[in-house]
Amino acid sequence: MVLIFIDHADGQIKKASYEALTYGADVAKQLGTTAEALLLGTVTANLTELGKYGVAKVNQVNNEAFNTVDALVYAKAIAEAVTTLGARVVILSHSQTGKAIAPMVSAKLKAGLVTGVVSLPATGSGFVVKKAVFSGKAFANVDIKSDIKIISINPNSYKIVAGEGAAKVVQLNITPGTSAIKVTGVDKVSGEVPLTEAEIVVSGGRGLKGPENWGMVEDLAHVLHAATACSRPVADSGWRPHHEHVGQTGVQIAPNLYIAIGISGAIQHLAGVNRSKHIVVINKDPEAPFFKAADYGIVGDAFDVVPKLTEEIKKLHGG
Amino acid sequence: MKILVCISKTPDTTAKIAFKNNNTQFEETGVQWIINPYDEWYALVRAIELKEKDPSVTLHLVTVAGADADPIIRKALALGGDEAIRINTTSDDSFYIAAQIAEIAKTGSYDLILTGKETIDYNSSSVGGTIAGLLDIPFVSLAVKFELSGTTATITREIEGGEETAEVTLPVVVSCAKGVAEQRIPNMRGIMAARTKPLKVVEPAAVETLTHVVSYELPPAKAGVKLVAADNVAELVRLLHEEAKAI
Ligand SMILES: Cc1cc2nc3c(=O)[nH]c(=O)nc-3n(C[C@H](O)[C@H](O)[C@H](O)COP(=O)(O)OP(=O)(O)OC[C@H]3O[C@@H](n4cnc5c(N)ncnc54)[C@H](O)[C@@H]3O)c2cc1C
Ligand SMILES: Nc1ncnc2c1ncn2[C@@H]1O[C@H](COP(=O)(O)O)[C@@H](O)[C@H]1O
């Protein structure tokens, strides 16, 4: 059985978990076995609906203690569920939550873990998954040798497919362990699309001259329902918040579309964005290295091109 | 108070990524090695700051690597720390590496274990959490702020779409990201002092490897950029809509 871990916050299931569900259901099909989901805590969503993504059964531990994530408490509960349910493959998302939990589950079960997986496993001989390495500059094919296999998939690397079906919801009786962690505050950037989940990202670099010029970047992001990002010197200068910094030493993203404005395309910047499906570069210097990594480009002044681009997209959307 | 910082060696951020022996090994020829930036800039520097504030702190560094990592570990000692331990083995399996460090941690009974957020070569974000799991102590991932008062750490960490602050009673394993500290440059005094600091080499414990890299591959090359004239932005929008189907 393939067990998919469902992550949630504020009563809502996260987008990355729908991706994990679709992926996990396909892994189960490939292995000729069933897929089930595991949810710790309480949500407002109707769990039978998860059947649409290919799971026959949702196992829930209906206990509010799990509504905040303590990696140790979570890992013990997941390990217990895996053992009780007899799961062979455990799937999580390589999100912030996944990064906290997956390695601890690996330790608890002595099960091999591969994180940042980008495609379905090859199960002909062994169980080989492809993961992004060298900050997106290469991939490694990794064989998991232990009986139980844990994988966490990179956000935006698998297409969510919703079909028909209703899942059976079953309550599991797992007691949460005592937590040594006391959460004292949560600070969410509200109203914005989270960077790692965004389908489209609009990003600005030092070419934009100063924080006062970000209005046009935000306008473009707004019409595209995109998240905003920036290069490292932009975050270091305090023009934009640090959580927007993408690259080797910042956030690594793989959106469907990445629009880079006034960014030169240094190797450390590319390392964080080169898994994007389509890259558009707007730069006034035709020699900017970013053009070599781009799919589409405009050699021009951002202050002229970006507002026009926003207008054209508004036209496309019929307004 | 005893602190252990996990240090790994990685290729320089500008290193050319290529593979040899039928794509089964990383091509190391011509590659410059550095301390993994997250380990150096954030985990190590924060630990040094804690020791500067409270000189009774014992600060140990640990790496799982062959003798070729000695210059890297000396460089780390030049920044700070009392002694280093090198566990003399290499592996591409996070569980194996974590289990080796957990063995050291058990005998050293550390109050605080710091790792980087991830290595910039394997990008696993796994070693820290696995150490904590094996020691059965709490793990706080992706810390962006770390304060210590007595045996209570106040840690702000990255969560999806924001940050969460929590208090944790030691011992704890923390993976450090940008924000925890500021990069430092080693000075001459540090470099001289590092030469005489103990670097203990220990042999690995018997641990199974659970995963194994079969091969590497490079991403397919881009077809080349399609340039659109700056006075024809509508054409870019058409291409993104009709050809790329991205908007
Ligand atoms: C160890 C290490 C790690 C690093 N990690 C990262 C990282 O994670 N992320 C990151 O981004 N960087 C990182 N860097 C820094 C990186 O090397 C570059 O310095 C940085 O990415 C450059 O940022 P930029 O492109 O915004 O600025 P610049 O390189 O200054 O480029 C500005 C660009 O804007 C263009 N421009 C100027 N005016 C206009 C205009 N009016 N219209 C259009 N275009 C214009 C210019 O032609 C130029 O190409 C790292 C460096 C090191 C050494
Ligand atoms: N070989 C190693 N020796 C010591 N510490 C390591 C080693 N590999 C990884 N680490 C630590 O674990 C962190 C996460 O690494 P990874 O799980 O490989 O992304 C790194 O930032 C280091 O602090």
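As the structure is a prediction and not an experimental result, all values here were calculated from the model. Any value given below was found using the heavy atoms of this structure, including those in side chains, with hydrogens, waters and symmetry copies removed.
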Most heavy-atom pairs under 4.5 angstrom with chain A, which of [options]?
options: Val228(B), Val172(B), Thr10(B); value: Val228(B)
options: Asp92(B), Val144(B), Thr209(B); value: Thr209(B)
options: Pro219(B), Ser141(B), Gly162(B); value: Pro219(B)
options: Ala221(B), Pro138(B), Ala153(B), Gly128(B); value: Pro138(B)
options: Ile155(B), Val127(B), Thr211(B); value: Thr211(B)
options: Asp93(B), Val168(B), Asn123(B); value: Asn123(B)

Is chain B contacted by the side chain of [X], its backbone, both, or neither, given a heavy-atom distance below 4.5 Å?
X: Gln252(A); result: side chain
X: Lys108(A); result: side chain
X: Ala111(A); result: backbone
X: Ser93(A); result: neither
X: Leu113(A); result: both
X: His245(A); result: side chain
X: Ala293(A); result: backbone
X: Ala180(A); result: both
X: Ile298(A); result: both
X: Ala294(A); result: both
X: Ala132(A); result: backbone
X: Val105(A); result: neither

More than 12 foreign heavy atoms under 6.0 Å from [atom1] of [X]: is that the case here?
X: Lys308(A); atom1: NZ; result: yes
X: Glu182(B); atom1: CD; result: no
X: Asn21(B); atom1: CG; result: yes
X: Lys20(B); atom1: NZ; result: yes

Given side chains that start at C-beta, do those of [X] and [Y] come closer than 4.5 Å, heavy atoms only?
X: Val299(A); Y: Leu227(B); answer: yes
X: Ile313(A); Y: Ile247(B); answer: yes
X: Lys130(A); Y: Glu217(B); answer: yes
X: Asp7(A); Y: Glu160(B); answer: yes
X: Val237(B); Y: Leu309(A); answer: yes
X: Thr115(A); Y: Ser125(B); answer: no

Between [Y] and [X], is there a salt bridge with N-O shorter than 4.0 Å?
X: Asp295(A); Y: Lys222(B); value: yes
X: Lys76(A); Y: Asp136(B); value: yes
X: Asp236(A); Y: Lys178(B); value: yes
X: Glu163(B); Y: Lys188(A); value: no

Taking all atoms of both residues into account, what is the closest heavy-atom pair of [X] and [Y], and its distance?
X: Gly300(A); Y: Ala230(B); result: CA-CB, 4.3 Å
X: Pro11(B); Y: Phe134(A); result: CG-CE2, 4.0 Å
X: Phe291(A); Y: Val225(B); result: O-CB, 3.4 Å
X: Ala246(B); Y: Ile200(A); result: O-CD1, 3.7 Å
X: Ile181(A); Y: Phe139(B); result: CD1-O, 4.3 Å
X: Thr130(B); Y: Ala107(A); result: O-CB, 3.5 Å

Applying the side chain to side chain contact (heavy atoms under 4.5 Å, CB included) test to Ser215(B), which of Asp143(A), Asn141(A), Val128(A) qualifies?
Asn141(A)
For chain B, which candidate among Val183(A), Leu195(A), Val281(A) shows the most heavy-atom pairs at distances under 4.5 Å?
Val183(A)
Sort out for me which of Lys277(A), Glu197(A), Lys14(A), His94(A) touches chain B most, counting heavy-atom pairs under 4.5 Å.
Lys14(A)
Residues Thr13(B) and Gln268(A): side-chain donor-acceptor under 3.5 angstrom:
yes
Taking atom types as modelled, is there a side-chain donor on Lys145(A) or His212(B) under 3.5 Å from an acceptor on the other?
no
Quick check: does any side chain N or O of [X] sit under 3.5 Å from a backbone N or O of [Y], one acting as donor and the other as acceptor?
X: Thr184(A); Y: Thr165(B); result: yes
X: Lys99(A); Y: Ser124(B); result: no
X: Ser126(B); Y: Pro103(A); result: no
X: Ser135(A); Y: Ile120(B); result: yes

Under the salt bridge (Lys or Arg N to Asp or Glu O under 4.0 Å) rule, what do Lys110(A) and Glu208(B) come out as? Steps first, then yes or no, please.
CA-CA 9 Å; Lys110(A) 301 234 171 338; Glu208(B) 250 183 291; over 6 Å; no
